[in-house]
Amino acid sequence: MPQVRTRFAPSPTGYLHLGGLRTAAYAYLYARKRQGVFILRIEDTDQEREVPGAEEQLRRSLKLAGLTYDEGPDVGGDFGPYVQSLRKDIYAPYAWELVEKGAAYPCFCAKERLDQSRAEAERNGLTFKYDRRCLSIPKDEARRRVESGEKYVIRQHIPLTGFASFDDAQYGHIEVDVSQLDDMVLMKADGFPTYNFANVIDDHSMGITHILRGTEFLSSTPKYNLLYEAFGWEKPVYIHLPLVMADATRKLSKRHGDPSFEDLLGEGYLPEAVINYIALLGWNPGDEREFFTLKELEQAFTLEGLSKSPSMFDKNKLTWMNGEYIRKLPFERYFELAMPWLERTLPGGGRDPKRLAELLHGRTEVFNRIPGMAAFLSDMPEYDLSLYTHKKMKSDPAVAADSLAFAQPILRGVDDWTEAALHDALMPAIAQSGRKNGQVLWPLRVAISGLMSTPGGATEIAYLLGKDETLSRVTAALERLSAHNKPD
RNA sequence: GCCUCCGUGGUCUAGAGGUCAGGACAUCGCCCUCUCAAGGCGGCAACACGGGUUCAAUUCCCGUCGGAGGUGCCA
C-alpha cells in the first residue's frame, strides 16, 4: 500500500482559526496514525486577499499546536516548492493540456459583462452560469488571440450532459447533474491559477493520497474529479469534515473575527487543552474518554469517529477542559506560567508569590482570570456592607462588628505571621468564646478582601496581606461598621 | 431561487431494529468546608414532524420542516 500523504492547505489571509486548526489536526492525526506524511502547503494564489505575515503566523500556530509537518515551505521536501505563488509556472501548461484535450478552453469575455449578467441573474433569482460564449471560438483562433496579448482566462469545459460525482469517505457517493455546474475559471487573467485548479494540480503532483478538508468543498468536488478524469490521474480519497460553527447560524471564520488559536493562547488557554477540545468537536474516540494528549490522539484517531453534522464551538466547555489541564500541571510549571499574569496586578507577586500561586492553582480555569482573582491584595476594593450579611455564616453587620472587634486584638498578638500561627491563634479563641467559626471568619475575610469570594480563607488571605495591611483593613472595616450600626 | 449535505437534551456526543436512550459541558440542589473553587452525591433536560417497511423503529425508505455549505478571475 502506498504511503499515506495528507496536507493542510490554508491561504495566508489571516490567522489560524479553530476550524482551520481542527482540519489541520485531523489531517495531521490521520497521517500519523497511518505512519504517513503530513504536508503544509500555502495557497496564496489570490494576490488581493493575501495578508502580510499571515504565512509566518500560520506556521507558528501549527508549531505551537504541536502539529509538525514533514514537508512544507520552511522545512522543504521532495515535492516543493510548497507555496503556490512559487509554483506559478507549473499550472499554465496543465491548463493548456486540458485545452488540447477539450476539457478546457480560453475565454476572452470581459469581466464587466459577466459581472453584469451575474447581477441580473441574481436579481431574477437564478443561478448564474457562464454562457459559454467563448466555447465556440476555434482553437487556432483562440491561440492567435492569446499570443497577440489579449486578456484571457481558461475555463473548465463541463460536459453538456450527464452526472459528475465523487465518493467521500464520510458522506458516501455524491452526485450532481452537470447542468448545475458552471464552467469555472481555472487560470485567471493575472496568470495565476484559481484555487479550484491549483489544488487539483498540487494535490496530484505532491502525491496527496487523502484529502481532509471542510464540507464547504463538498459541492465543488465533483468538478475536481472531472479534472482528474480529464488528466487521467488517480483520484485521492476524499474525507470531508463537518464545519465548526460560531453559533447556530454562522460557520467559524476569520472574516468574522472569530477567535484564533493564538487569541486563545493569549487569553491563557493551554495549547494542549485547545487541541484536545477541538479534536472532540466532530470526532469521538468510540469510548467515553475525553482527555487526550496529541500522542494519544495519534493512536486513537479513526475516520469512523468523525461525525457528519456541523458542531458549535462552545467556549464554556473549552474553559472547563482548560481548567482541568491547568490543575494537572505540575506546580512548578503552573507557577512559571502564572507569574506573568500575577505581575499584571501584583508587582513581584506580592509577599509570598509561591503560596499565592498554590492557592490559585486549583482555581484557575484560564490564566487571564488570575489578575482578577489577585487584584484585591494590592488594592482594597470598594464593597457594600451587605457583604457582611451571610445567613449560613450567621453573620450580619452587627455580628461582624462584634467579631472583628473580637478578632482584632488576637491578630495584633500574632508575632509570627504565618498561616499556621494565625490559625492556631484564632480557632481556639473562637471556640472558647462560644462563637461559630463562620461568624468570625466570614466577616474577617470580607473586611480584608472586600469580596464575596477569594482564593483562600480568612487566615490565608490575612497571611498573604501581611500583618500591617491586615490590621489596617480590619480597623477600617470596624470604623465603617460602627458608623453604620450606630447612626447619629 | 437552485444544487449538495446535515438533523439525539441549551452545547459536544454514544447509539448502527428490541437500550430504564449512555457520557461530558452548562444549569439546579445536597454534602464537604474559615469564602470560593475543586471533589462527592443527586435533579432537570433529547430522538424535528408526518407517512411508510417491520412482530418491533431514534435506528431503514419517502416526504415536510429546519439548519448549514455552495452557487466568485476567494479559498
Side-chain angles (χ1 to χ4, degrees), chain A residues 9-11 13 43-46 48-49 107 109 111 114-115 118 121-122 124-129 151 153-155 168 170-172 174-177 179-182 184-190 192-196 198-199 213-222 240 242-243 245 248-251 255 277 280-284 286-290 305 307-321 323-324 327 359-365 373 390 392-393 423 426-427 430 436-442 444-446 449 451-461:
Chain A
S11 64
T13 55
E43 310 226 323
D44 59 344
T45 56
D46 186 345
E48 315 231 316
R49 289 218 304 144
C107 166
C109 292
K111 191 171 185 305
L114 299 179
D115 287 346
R118 188 189 315 279
E122 271 169 29
N124 299 328
L126 298 170
T127 301
F128 170 79
K129 274 181 65 181
K151 276 248 178 254
V153 301
I154 294 180
R155 287 182 183 276
D168 186 90
Q170 291 312 300
Y171 293 91
I174 291 177
E175 192 171 74
V176 57
D177 192 313
S179 68
Q180 297 298 327
L181 270 20
D182 191 25
M184 65 178 180
V185 172
L186 266 19
M187 294 295 297
K188 305 189 247 190
D190 64 3
F192 275 89
T194 59
Y195 162 82
N196 295 310
N199 99 80
R213 56 154 74 124
T215 53
E216 64 262 39
F217 298 107
L218 215 45
S219 48
S220 41
T221 302
H240 285 91
L243 263 14
M245 311 289 288
T249 61
R250 250 183 49 228
K251 75 166 173 170
R255 293 191 199 183
Y277 170 74
L280 259 18
L281 256 193
W283 174 82
N284 79 83
D287 55 34
E288 283 176 350
R289 290 179 66 200
E290 51 187 351
S307 68
K308 288 184 184 174
S309 39
S311 47
M312 280 193 247
F313 167 60
D314 180 4
K315 198 166 184 180
N316 240 325
K317 187 155 187 179
L318 201 215
T319 299
W320 162 77
M321 185 164 268
E324 295 287 318
R327 263 173 243 122
L359 291 168
L360 254 15
H361 192 173
R363 297 169 228 251
T364 311
E365 287 196 292
M373 289 193 286
H390 192 300
K392 233 182 118 189
M393 296 296 129
H423 186 270
L426 284 166
M427 302 312 260
I430 293 170
K436 297 282 182 196
N437 285 344
Q439 262 177 314
V440 177
L441 296 170
W442 173 268
L444 176 55
R445 205 187 49 78
V446 168
S449 71
L451 296 173
M452 193 84 148
S453 67
T454 49
T459 56
E460 289 152 336
I461 300 305

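The sequence lines fix the lettering, A, B, ..., with proteins before strands; numbering per chain opens at 1.
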>> Can you say whether a donor on the side chain of A/R49 sits under 3.5 Å from an acceptor on the base of B/C74, or the other way round?
In response: yes
> Does any N or O donor sit under 3.5 Å from an N or O acceptor when you compare the side chain of A/K317 with the base of B/A26?
Replying inline: no
> Touch check for A/G362, heavy atoms < 4.0 angstrom, all strands: base, sugar-phosphate only, or nothing?
Replying inline: sugar-phosphate
> How would you label the contact of A/S311 with the nucleic acid (heavy atoms, under 4.0 Å): base, sugar-phosphate, or nothing?
Replying inline: sugar-phosphate
> With a non-hydrogen cut-off below 4.0 angstrom, is A/K392 in contact with a base, only sugar-phosphate, or nothing?
Replying inline: base
For nucleotides 4-8 of chain B, list the nitrogen or oxygen atoms of the protein found under 3.5 Å from its nitrogen or oxygen atoms, one pair per line.
residue, atom, partner, partner atom, Å
B/C6, OP1, A/K308, NZ, 3.4

> With a 4.0 Å cut-off on heavy atoms, is A/T454 in touch with a base, just the backbone sugar-phosphate, or nothing at all?
Replying inline: base
> How would you label the contact of A/S449 with the nucleic acid (heavy atoms, under 4.0 Å): base, sugar-phosphate, or nothing?
Replying inline: nothing
> Hey, is the side chain of A/K188 poking within less than 4.0 Å of OP1 or OP2 on B/C74, counting only N and O atoms?
Replying inline: yes
> Nearest to the side chain of A/N284 - B/G10, B/G69, B/A14?
Replying inline: B/A14
> What integer distance in Å separates A/D44:CG from B/A75:P?
Replying inline: 10 Å
Enumerate all atom pairs, one protein N or O and one N or O from nucleotides 39-45 of chain B, separated by less than 3.5 Å.
none

>> Measure CZ/A/R118 against P/B/C2 and give the value in whole Å, please.
In response: 19 Å
> For B/G18, which nucleotide in any strand shown is its Watson-Crick or wobble partner with both distances under 3.5 Å?
Replying inline: B/C55
